[in-house]
Each structure stands twice: as C-alpha cells, then as structure tokens.
Amino acid sequence: MGSAGLARLQGLFAVYKPPGLKWLHLRDTVERQLLNGLNAGKPPAPEQRVRFLLGPVEGSEKKELMLTAMSVPSLTTHRLVRGPAFTSLKIGVGHRLDVQASGVLVLGVGHGCRLLTDMYDAHFTKDYMVRGLLGKATDNFCEDGRLVEKTTYDHVSREKLDRILAVIQGSHQKALVMYSNLDLQSQEAYEMAVGGMLRPMNKSPMLITGIRCLHFEPPEFLLEVQCMHETQQQLRKLVHEIGLELKSSAICRQVRRTRDGFFTLDDALLRTQWDLHSIQDAIQDAAPRVVAELRKNLRSGVDSQQLPSAEQPQHSKGPSSTVQGGSCAKH
C-alpha cells in the first residue's frame, strides 16, 4: 500500500481554501492527512531469519540441551521499532491565497511541484468573484479595517459602473499587448489575440483580461474579474479605486477565486475530502488535462518535452522519510 499509494500521488490537484485559514496551515494539514493514509496500510509480513536456539533433546530423559535451527521473524523492520515508513512528503503550493481570501488553491505532490512551476511559466489567467460595498472607505480596503471615510452613493448607477469597468479592461488590454513583446503586425500576434492566448513574456504588474458586474444592488455589487499576476490585496484596492471613480467610496467584502488556470471550483476538494484516496483520485483524474493544457500553453522557451505523459506519469522510487515538504511555486 505504501509504495503503490505514493506512486498515485505524483501530480497536481486543487482544494477549496476557506476564508480565515492560512495557506501554510492548509498545506500542513493536507500533508498530515496523506501521511496518515500512507502509514495506515497493513504492514508487510516481517522477514524471517534463521537463529540457533538452545532447547531440550526430544525423547531424552536427561536434561540435555542442544542447538536447534529455527526460523524467527526479524523485528528490525517492524513499525514499532523503525517508526512509520513515511514521515514527510514533498508538497508544493501554487498561486497562493491570503488569509482573508477563499477559493481554488492548487497543490502539487512529488513531481507535481515541477508542474506548478510550469503552470507559473504558462501565465494562466485566474477568475475571481469580488464583492464590494459602496459608501465606506477603510485603511486596508476591507470591512474589518479602520473607517476613514463615509460617502453617499445615491448617484451611482449600473451604467456608470459598467462604463468604468470597460475603461479599466481597455487600459489593461493595452498593457497586456505591451508586456507580451509581440510584433502587433505579425500573423502570430493576430492569431494569439483572436484565440485569447496573449500572455506576458515575463513578470508584469497585475493585468486584467476581463471584468464585468454580475450583480448591482446598491450599496452592494459583485464583480467577476479575470486576471493574472495579481494579489488579493490588489483586487481589494481595485474595488477602492472603482469607488473613487464613481465619485464615492467602496470597500471589499469578499475575494473568492473560482478558477486557477484549468482548475475550477468543480475540481476543488472540500475540507472533508482532504484524505489519501480522494486526493489520489483527484490527481489521476486531472493528469491528462494537466499535460494537455501545459503542452498547449507553454511557450517555446519552456521545454515541454520534459512534461510527463498522461498515460505514463512519473512514479516515485519508493517511500522516503527524508523528503522535505515546502512550497515549490511562486506567487
């Protein structure tokens, strides 16, 4: 169970991070659950070794002793002697979520940590649901911050909000073209723009590829934001700036990530599913899609030939008690 179970843990999967939970604590919780599952399997039968033991001679009336060859179990590999077979796992965290944010968080186990880096290099977009509240301003753009201003919002309409969102999206699309470092007159740039495949070549500021209002009922409004290279605090600041453009003020009440690259809320495991078998199944189900999407989106500068095959995923060489856990990808 141990080695076979570890072999099925090589890859990527997504979990749902609730608000108020640190990503590092989530990673440690998942690691602990996986280790418990790997170590809970039935241990193999102990190896036998030959020992010469003193014993009485059969059929003899005299109290004579003789050495007899006997097969006895070796306790050197017993769990109570050597401890658990698995003590740590290499688990990486993809694009992180801060404490207040919630939603899809991608994790990698084993060679999945390298796939997390490939996801970062592919510059996938992410989707967020951002909920705002008009009429207030705080020092940290959040509901729990220190109140610094109160304003009216009766003059704010859905049309005014939509116009401001259109301006924001247009300015960010121009920046996306600039950071993509492509010749706008080339056929390649045209095809990538039509297919929505424009990506920055290197690290860039937050870029919004799409933003729209899903619900508007003053003072509350709900935005859907598609972006890359963002932090959740930048999204909260965006709500604050939208409030200023509306000649009012606004705070952010919620930031929830609904998609990270090709992982969506439907792929995210809930807290009750952070166990060995559920994670193994999630990794195996996602493996073909992971390889296909990475091959399609990685640029020529990345060696896509090193990606594992969907039919033949890389396996671990066996259980190890010295593999260190950690975060393998970048923000």
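Quick note: numbers below take in every heavy atom, side chains included, and nothing from hydrogens, waters or symmetry partners. No experiment lies behind these values; they were computed from the predicted model shown.
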Tyr153-Leu165 co-clustered via ILVMFWY side chain contacts under 4.5 Å: yes

Straight-line distance of Asp260 CG to Met119 CE, nearest 0.5 Å: 4.5 Å

The reported gap from OG1 in Thr264 to CG in Asp127 (rounded to nearest 0.5 angstrom) is 9.5 Å

Go through Lys174 and Tyr179 one step at a time and tell me if the side-chain contact (heavy atoms from CB on, under 4.5 Å) criterion holds. CA-CA 9 Å; Lys174 291 181 180 179; Tyr179 282 105; over 6 Å; no

Check this for me: Arg158, atom CZ, are more than 12 non-hydrogen atoms of other residues, nucleotides or ligands nearer than 6.0 Å? yes

Less than 4.5 Å apart, any side-chain heavy atom of Leu9 and any of Leu38? yes

Verify side-chain contact (heavy atoms from CB on, under 4.5 Å) between Trp274 and Val30, making sure each step is shown before the conclusion. CA-CA 6 Å; Trp274 297 353; Val30 170; 4.2 Å; yes

Say you draw a straight line from CG of Leu34 to OG of Ser88; how long is it, rounded to the nearest 0.5 Å? 12.0 Å

Counting distance only, does the side-chain N/O of Lys90 pair as donor-acceptor with the main-chain N or O of Gly108 below 3.5 Å? no

Point-to-point distance, once rounded to the nearest 0.5 Å, from SG of Cys252 to CG of Asn140: 10.0 Å

What's the shortest heavy-atom distance between Gly243 and Ala250, and which atoms? CA-CB, 3.9 Å

Straight-line distance of Cys142 SG to Lys237 NZ, nearest 0.5 Å: 13.5 Å

Taking all heavy atoms of Gln48 and all of Pro73, pick out the closest pair and write down the distance. OE1-N, 3.4 Å

Regarding Arg256 and the six-membered ring of Tyr16, is the cationic atom NZ or CZ under 6.0 Å from the ring centre and inside 45° of its axis? no

Counting only heavy atoms not in Met70, do more than 12 sit closer than 6.0 Å to its CE atom? no

Tell me if a side-chain donor or acceptor on Glu31 pairs with a main-chain N or O of Leu89 at a distance below 3.5 Å. yes

If every non-hydrogen atom of Thr209 is compared with every non-hydrogen atom of Leu176, which pair is closest and at what distance? CG2-CD2, 4.0 Å

Side-chain donor-acceptor contact under 3.5 Å, Ser278 with Asp281: no

Would Arg259 and Thr125 count as having a side-chain donor-acceptor pair, cut-off 3.5 Å? yes

So Ser180 and Arg199, side-chain contact (heavy atoms from CB on, under 4.5 Å) or not? Walk me through it. CA-CA 6 Å; Ser180 64; Arg199 297 288 187 270; over 6 Å; no

Donor-acceptor pair, Thr29 side chain versus His25 backbone, under 3.5 Å? yes

Connected via hydrophobic side-chain network under 4.5 Å: Leu24 and Leu21: yes

Is Leu223 linked to Phe141 within one hydrophobic cluster, defined over Ile, Leu, Val, Met, Phe, Trp and Tyr using a side-chain heavy-atom separation of less than 4.5 Å? no

Nearest heavy-atom pair of Met228 and Lys126: which atoms, and what distance? CA-NZ, 4.1 Å

Can you tell me how the ring of His123 sits relative to the ring of His229, calling it parallel under 30°, perpendicular over 60° and tilted otherwise? perpendicular

Would Val255 and Ile168 show up in the same hydrophobic cluster when neighbours are defined by side-chain heavy atoms closer than 4.5 Å? yes

Less than 4.5 Å apart, any side-chain heavy atom of Ile283 and any of Leu12? no

Quick one: does Glu143's side chain get under 4.5 Å of Thr138's, heavy atoms only? no

In this structure, would Ile251 and Ile211 fall into the same cluster of hydrophobic residues linked by side-chain contacts under 4.5 Å? no

Report the distance from atom NZ of Lys17 to atom CZ of Arg27, rounding to the nearest 0.5 Å. 15.5 Å

Side-chain touch Val106/Val15, heavy atoms, less than 4.5 angstrom: no

Would you call Asp118 and Arg295 a salt bridge, taking side-chain N to carboxylate O under 4.0 Å as the test? no

With a 3.5 Å cut-off and sequence neighbours excluded, list the donor-acceptor pairs that the side chains of residues 213-222 form with protein atoms.
{"from": "His215", "atom 1": "NE2", "to": "Glu217", "atom 2": "OE1", "distance (Å)": "3.3"}
{"from": "Glu220", "atom 1": "OE2", "to": "Arg253", "atom 2": "NH1", "distance (Å)": "2.4"}

Measure across Ser248 and Val156 and return the closest heavy-atom pair with its distance rounded to 0.1 Å. CB-CG2, 4.4 Å

Please determine whether side-chain contact (heavy atoms from CB on, under 4.5 Å) holds for the pair Leu35 and Thr87, giving the CA-CA distance in whole Å, both sets of side-chain angles, and the decisive distance to 0.1 Å. CA-CA 7 Å; Leu35 290 174; Thr87 59; 5.8 Å; no

Output yes when a side-chain donor or acceptor of Gln234 lies under 3.5 Å from a complementary backbone atom of Thr231, and no otherwise. yes

Closest heavy-atom pair, Ala175 versus Leu207, reported as atoms and distance to 0.1 Å, is CB-CD2, 3.8 Å

Is the closest side-chain heavy-atom distance between Leu294 and Leu115 below 4.5 Å? yes

Test item: Gln232 side-chain N/O and Asp98 main-chain N/O as donor-acceptor pair under 3.5 Å: yes

For Gln233, side chain to side chain donor-acceptor pair (under 3.5 Å) partners two or more places apart: Arg236

How about Leu105 and Arg257: do any of their side-chain heavy atoms sit closer than 4.5 Å? yes

Min side-chain heavy-atom separation Gln284-Arg8 under 4.5 Å: yes

Between Gln226 and Tyr128, does any side-chain donor sit less than 3.5 Å from a side-chain acceptor? no

For residues Trp23 and Leu97, determine if any side-chain heavy atom of one lies less than 4.5 Å from a side-chain heavy atom of the other. no

